[in-house]
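First comes the structure, then the notes that go with it.
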Amino acid sequence: MTTPLLELKHVTKVFGHGEGATVALSDFSFAIGEDAATIVAVAGESGSGKSTLARLMLGFISPSAGEVRYRGTDLRRLSRAERRNFRREIQAIFQDPFGVYNPFYRVDHLLTTPIKNFKLASSRAEARRQIETALATVGLNPGEILGRYPHQLSGGQRQRITIARALLLRPRLIIADEPVSMVDASLRATILESLLTLNREFGISFIYITHDLTTAYQISEQLIILYRGVVAEAGPAKQVIRHPQHPYTQLLIRSIPTPDPGQRWMEEVVASSGEGTDAAVWQGCPFASRCPHVMPMCQEERPPLYLTEGAAVSCYLYRESPTIEEGDLTVTLGALAGAGSRGNGSITVGS
Amino acid sequence: MTTATTQTAAATLRVEDLRVQFHTPRGVVRAVDGVSFTLRPGERFGLVGESGSGKSTIALALMRLIKPPGRIAGGRILLEDEDLAALPEDAMRSVRMARIALIPQGAMNSLNPVMRVKQQIIDGILAHERERSGSRNGSRSKRDLEERVAELLESVGLRREVAERYPHELSGGMKQRVCIAIAIALRPSIIIADEPTSALDVVVQRQIMQTLGAVQARLGASVLLIGHDMGLMAQFVDRVGVMYGGKLAEIGPTREIFAEPLHPYTQMLISSLPSFDRETSFVKLAGQPHSPLNPPSGCVFHPRCPRAFEPCPARVPVLREVRPDRFVSCHLYDGAVES
């Protein structure tokens with residue numbers, strides 16, 4: 001196997017010390033290769049560790065244990081040149097399409113800066129051409145965008161400009177942390193479409209971090225469900241969402257209010273625990289205190305990932321299935337990928 | 001259930017041609033531009049729309065909490081035939097919380113961080129008793145109040161010990177329950193909830209909505225739910241009003257709106273909702289929302305409407321009942337009014 005582009009090896013991140021310590025991510029291993037561009041969604045509620053994972057992958061924070069490696073080298077030991085490549089090849093798109101803009105600069109500034117910093121163009125005209133191409137790729141008309149100030153653009157336009165900016169650098173991987181959660185429903189599809197275009201036409205992989213399983217289902221091939229810093233379930237997105245196996249994934253999916261008024265969403269009573277912080281969860285399964293199927297063994301030791309039909313599930317209900325070595329998901333997900341594919345990739349323009 | 005069964009008289013809220021304007025240096029923004037709807041006794045009514053559609057402004061207007069440079073520029077807000085839009089401020093103060101309560105957007109983050117939960121609930125109750133001055137001047141004993149707080153907390157699914165806690169000791173879901181308890185402390189007949197679960201994950205969201213539904217049933221109150229999530233509307237409200245550009249595009253029973261949306265904007269909103277069951281492709285809407293300073297002529301939706309035709313840029317459509325209990329504001333139905 002070739003050296004992965006980005007690899008997490010037994011990564012744990014703890015915030016705080018002693019009694020007040022919070023384990024945001026626990027023994028997480030995963031790798032993104034370069035062989036085929038993919039979209040992996042990482043989903044979970046607030047406190048699941050998904051944003052911590054994004055920040056670890058971008059090198060914004062360092063793991064408390066384990067390693068994050070870029071092309072085989074620990075992020076903390078990258079040479080100057082390697083770091084520069086890392087900063088170009090791995091790009092980020094964030095939740096707030098307003099926060100990344102300086103209100104005093106025209107939006108052009110956001111697009112010309114990376115070209116200058118990475119010397120991507122030999123002339124001003126060349127830079128202009130690259131910017132116009134990138135904007136057109138994400139469905140924006142350069143004439144309507146360039147020369148404007150951020151406040152003159154909508155949230156959907158701003159978020160697409162940040163995608164165009166990422167595209168300029170020809171990255172291999174984009175880490176998109178809740179890129180559509182602040183964009184209105186009618187514009188969401190346009191953003192997701194831009195991500196798919198980059199994935200399919202430019203071979204860029206995505207880590208799509210979200211709390212929203214519906215958009216994860218729409219664009220991702222693989223889906224990892226995090227619960228309190230631990231992988232609850234992972235597999236092809238369609239499989240995990242349509243046939244959830246972990247009791248937490250099942251609860252999560254049943255809790256989504258669907259646009260079908262016949263769902264009887266208000267009627268199911270869910271045990272109201274899990275709110276607040278119980279430190280005791282750290283020896284067993286973190287979902288044990290809320291789980292309708294809880295068994296004594298769940299309180300004692302964290303379940304390993306079992307390879308069930310179609311997914312990797314961290315739950316003793318599946319203890320008859322083989323376990324996955326070292327908790328490394330990558331190989332498993334790769335093997336499972338043949339069984340299912342992207343939940344839903346097609347986009348049509350409503351007219 | 002026994003202590004506080006249906007102590008509230010069912011009430012009707014009738015909003016007629018409500019207009020809210022914000023006077024900015026760059027012009028007048030008509031955030032709410034001629035909105036009419038009725039909140040029926042005991043019903044759950046939803047106002048759904050995207051950011052900037054005017055839905056939260058309506059909530060503030062009903063509470064008479066619009067602050068300058070905004071003002072209620074026209075229309076009536078009839079609560080049991082009393083026009084709240086015309087009420088003097090001191091009279092309005094005795095209506096707020098006692099008859100109409102608001103759970104504002106982000107309420108859970110506006111709890112006072114240095115005050116125990118108990119005190120925050122008691123303050124709300126006492127402020128109103130002072131307001132109805134004379135009649136019940138400080139008549140409640142401390143023990144009565146604490147008992148009332150405990151009852152309120154239990155009615156929203158919290159243990160009574162939570163009274164002694166500070167907000168930072170509570171999870172997001174618990175804080176939102178405290179906000180519901182504060183809102184219902186005076187047994188209002190109308191509860192307005194503005195995006196009450198927007199910061200919570202889906203599992204907690206459902207628990208909070210179940211709590212709100214139970215509290216409403218116990219009080220016999222009506223709920224006006226404001227939000228952007230069509231899925232949540234489908235699951236919670238009896239009728240829904242769809243807002244676009246400061247106007248109501250459509251009002252109707254939830255089941256009927258989802259089965260057969262009439263307004264092209266509602267059709268787009270519903271068809272863009274992803275579903276896990278069917279292999280749908282997701283639909284995107286052409287164009288951008290208009291600038292609130294410079295709304296399009298005629299129907300505000302016409303520049304983005306796939307079905308726009310001659311009258312749309314020329315004339316503003318009127319919200320009319322085109323079928324029993326189905327109201328729509330669209331020229332496509334100009335000939336379809338039933339008599």
Side-chain angles (χ1 to χ4, degrees), chain A residues 44-48 139 152-157 182-193 211-215 217-218 238 241-242 248 251-270 272 274-277 290 343-351, chain B residues 49-53 157 169-174 199-207 209-211 213 228-237 253-259 264-265 267-277 279-289 291 304 306-307:
Chain A
E45 58 194 48
S46 47
S48 63
Q152 295 173 303
L153 302 170
S154 73
Q157 286 173 319
M182 286 180 69
V183 177
D184 280 327
S186 71
L187 300 171
R188 218 167 264 180
T190 326
I191 310 280
L192 296 174
E193 183 189 48
H211 70 283
D212 176 16
L213 287 175
T214 53
T215 56
Y217 180 77
Q218 282 178 307
K238 193 189 270 182
I241 286 174
R242 289 201 180 167
Y248 172 65
L251 172 64
L252 203 56
I253 287 168
R254 279 202 313 276
S255 301
I256 299 169
T258 66
D260 170 14
Q263 190 196 357
R264 308 176 86 88
W265 181 80
M266 288 288 285
E267 282 153 44
E268 188 194 359
V269 179
V270 177
S272 180
E275 288 191 23
T277 48
R290 300 170 79 183
N344 198 334
S346 57
I347 298 178
T348 53
V349 179
S351 67
Chain B
E50 303 189 52
S51 45
S53 63
E169 299 175 286
L170 308 176
S171 70
M174 293 168 86
L200 304 170
D201 61 74
V202 289
V203 179
V204 179
Q205 166 174 271
R206 181 161 67 165
Q207 293 167 343
M209 295 313 292
Q210 287 170 338
T211 300
H228 67 275
D229 180 351
M230 289 297 273
L232 186 59
M233 290 292 164
Q235 298 309 324
F236 190 78
V237 300
T254 308
R255 277 175 187 276
E256 292 182 34
I257 293 242
F258 278 88
Y265 176 64
Q267 291 169 355
M268 185 284 304
L269 269 188
I270 287 172
S271 64
S272 70
L273 294 166
S275 160
F276 297 147
D277 302 326
E279 288 284 328
T280 47
S281 47
F282 53 113
V283 179
K284 61 175 185 172
L285 187 66
Q288 302 290 335
S291 156
R304 303 176 79 189
R307 300 180 68 188

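The figures here come from the full heavy-atom set of this structure, side chains too, leaving out hydrogens, waters and symmetry mates. Chain identifiers are assigned alphabetically (A, B, ...) following the order of the sequence lines, protein sequences preceding nucleic acid strands; residue numbering begins at 1 within each chain.
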Discussion item. List the residues meeting side chain to side chain contact (heavy atoms under 4.5 Å, CB included) with Thr258(A), not counting sequence neighbours, and say none if there are none.
Written reply: Asp260(A), Gln263(A), Gln235(B)
Fill in: Charged N-O contact under 4.0 Å between Arg304(B) and Glu50(B)
no
Worksheet entry | Interchain contact, Gln205(B) with chain A, by part (heavy-atom threshold 4.5 Å) | both
Worksheet item: Of all residues at least two apart in sequence or in a different chain, which pass the side chain to side chain donor-acceptor pair (under 3.5 Å) check with Arg255(B)?
Response: none
Worksheet item: With only heavy atoms counted, which part of Gln152(A) is less than 4.5 Å from chain B, the side chain, the backbone, both or neither?
Response: neither
Worksheet entry | Among the listed options Gly44(A), Gly139(A), Ser255(A), Ser46(A), the residue most often paired with chain B at heavy-atom distances under 4.5 Å | Ser255(A)
Worksheet entry | Contacting moiety of Ile241(A), where chain B heavy atoms sit under 4.5 Å | side chain
Discussion item. With rounding to the nearest 0.5 angstrom, report the CZ to CG distance, Arg206(B) to Leu232(B).
Written reply: 12.0 Å
